[in-house]
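Ligands are counted one by one from 1 in listed order, and the atoms in each one are counted from 1 as well.
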Amino acid sequence: MKVQSPVKQIMAIHDISGYGRTSLSVVIPILSTMGIKVCSLPTALLSSHSQYNGYYFVDLTDHLMSILAHWKKLDSRFNVIYSGFLGSHKQISIVEEIIKTFGAKCDFIVIDPVLGDNGKIYKSISKQIVVEMKSLVKKADIITPNLTELFLLSGKEYNCKADEEKIRAMMLELSESGPEIVVVTSVPDNNPGRNFSVLAYNRNGQRFWKVPIDYIPADFPGTGDCFTSVLTGALMQGDSLPIALDRAVNFISYGVRATFGYKHDQNEGILLEKILDRLNYPMPISSYEIF
Ligand code: PXL
C-alpha cells in the first residue's frame, strides 16, 4: 500500500531577504498557514530586500545543484514548483532543469517573473535575467507578472496608461507561448469609480477574469509575493481560479488597509503577522467579474 502524504508539498525557489517582508519571509508563513509544506530552495541571501539602500547580497547559484542532488536522493516529490526572485541569469537554466526533473509529477508549475515594479527594473536584476525570463515563463502553467513585468516579458515599452484591450492582447500572446493561466497584477482600471484590478486569462476555456481593487495611496514591497503565494495556496486547496484570485486580492487588500492606519515605514511591507489567521477565515465576499 502506498501511503499518501497528509499534506501537500511545494518547492519554493525564492531569495531570503532578512529584513523586510518579501520572498521566502512571506512565502513560508502564508503557505504553512494554508496547510502546505514548503521546501525552500534559496536563490540568494540578502540583508534586506533590494528597495533598501546598501543591502548585502550573496548569490547562491553555485549551491543550488548540490541541494537538488540531495533532494533527488531523498526521492522527494512536489505537488507544485513555485519560483520567484532569481539571484542570477544562470539560475534560469537551473529552474528549467528542475522543471525537467521534478515537473512531470507536479500538479502545476507557477512562475512569478520577479523583475521590477512601477515601470522600473529592480537593482539586482540584469538585462540577461529579463531576456532569459521570457523563455522560462513558457515552461510554466501559471505566471503572475505585475504590469511592469508584463511589458518586459512582451518586449514592449512600459505604459501605465495602456488600455485594457492592449493588456489583454499581451496576455493572450503570452499564454499562447506556453502558460495556460496568465495573471496580471497592478493594472490601472480606467472605468469610472475604479482604481486598480487584477486581470487573469485562462486558455483552458478562453476566459478573462477581473477582480477590482480599491486604491490606497501606499506601495508596500512584497505584496506581489504575498499575492502569488495566496493564489497558489488556494489553487492547491482546490479552489477554482476566480475564487483563488478573489481570496488573494481580498487578503492583500485587507493587509494594505490594516497596515496603512499605522505610522509605518512602507519599505517594511504589510503587517503580515497581524492578518495571517485570516487565510483560514471563510471568504467574506466574492467580487470577481467575467469580461
Ligand atoms: O518582492 C519582490 C522581491 C523579491 N526579492 C527581492 C526584492 C524584491 C522586491 O523588491 O528586492 C530581493
Within the protein, flag every N or O under 3.5 Å from an N or O of ligand 1, and note the pair and distance.
| unit_1 | atom_1 | unit_2 | atom_2 | d |
| --- | --- | --- | --- | --- |
| ligand 1 | 1 (O) | Asp225 | OD2 | 2.7 |
| ligand 1 | 5 (N) | Asp15 | OD1 | 2.8 |
| ligand 1 | 10 (O) | Gln51 | NE2 | 2.9 |
| ligand 1 | 11 (O) | Ser50 | N | 2.7 |
| ligand 1 | 11 (O) | Ser50 | OG | 2.6 |

* Is Arg278 close enough and on-axis enough to Tyr254, meaning under 6.0 Å and within 45°, for cation-pi? ->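 Verdict for Tyr254: a cation-pi partner in Arg278.
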* Would Arg168 count as a cation-pi partner of Phe208, with NZ or CZ less than 6.0 Å from the six-membered ring centre and within 45° of the ring normal? -> yes
* Asked: So, Ser50 and Ser124: side-chain donor and acceptor under 3.5 Å apart, yes or no?
  -> no
* List the steps, then state whether ring-ring contact (aromatic ring centres under 6.0 Å, His included) holds for Tyr122 with His49. => CA-CA 10 Å; Tyr122 294 132; His49 64 63; 8.9 Å; no
* Measure from the ring center of Trp209 to the ring center of Phe291 and say whether it is less than 6.0 Å. =>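 When the ring centroids of Trp209 and Phe291 are compared, they turn out to be at least 6.0 Å apart.
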* Asked: Transitive ILVMFWY cluster of Tyr52 at side-chain heavy atoms under 4.5 Å: who else is in it?
  -> Tyr19
